[in-house]
Amino acid sequence: VGLGECQVLSWLTCNRNHEGILDDRAARKAASILRLPIRGTIGIIALAQKEGHLQSALDEYEKLRDVGFRISPSVIERVVQLLKDGEETA
């Protein structure tokens, strides 16, 4: 876990009524163990679509992949299906 992720985790331990943004797998695991509220970039994009700030989360996911953001196609498919079903994503 890098310095930035450690700072987010540390801040969240004192500010549990806020949600942290973490994509790093190890940092997300640490947040889970510490029961800290987090959301990743994929979840932020899904929330933006759900709240009407974006027309298509899928388009944004494709843009991220085009610039090197690593995300498996199965994760994208799952999130897109959750959005269609109206369910919450993290």
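None of these values were measured; they are calculated from a predicted model.
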Does the side chain of Gln55 come within less than 4.5 Å of Asp59's, by heavy atoms? no
Any His18 side-chain heavy atom under 4.5 Å of Trp11 side chain: yes
Test item: Tyr61 and Val75 side chains (from C-beta on) under 4.5 Å apart, heavy atoms: no
Can you sort out the partners of Glu5 under side chain to side chain contact (heavy atoms under 4.5 Å, CB included), two or more places apart, ordered by chain and number? Val1, Leu22, Asp24, Ala27
Measuring from Arg70:CZ to Arg65:CZ, what's the distance to the nearest 0.5 Å? 14.0 Å
Are the side chains of Ile42 and Ile71 in touch, meaning some heavy atoms are under 4.5 Å apart? yes
What is the distance from atom CD of Glu77 to atom CG of Leu58, rounded to the nearest 0.5 Å? 9.5 Å
Just by distance, do the side chain of Glu19 and the backbone of Pro37 share a donor-acceptor pair under 3.5 Å? no
Counting C-beta onward and ignoring hydrogens, is there a side-chain heavy-atom pair between Leu64 and Ile45 closer than 4.5 Å? yes
Do Asp85 and Gln81 get their side chains close enough for a donor-acceptor pair, meaning under 3.5 Å? yes
Find out whether Arg25 and Arg28 are in side-chain contact, i.e. whether some heavy atom of one side chain is under 4.5 Å from a heavy atom of the other. no
Ile44 CD1 to Ile21 CD1 distance, which is reported to the nearest 0.5 Å: 3.5 Å
When rounded to the nearest 0.5 angstrom, what distance separates CG in Leu9 from SG in Cys14? 11.5 Å
Less than 4.5 Å apart, any side-chain heavy atom of Leu12 and any of Val8? yes
Is it true that a side-chain atom of Asp23 and a backbone atom of Thr41 form a donor plus acceptor pair closer than 3.5 Å? yes
Determine whether Leu47 and His53 make a side-chain contact, defined as any pair of heavy atoms from C-beta on separated by less than 4.5 Å. no
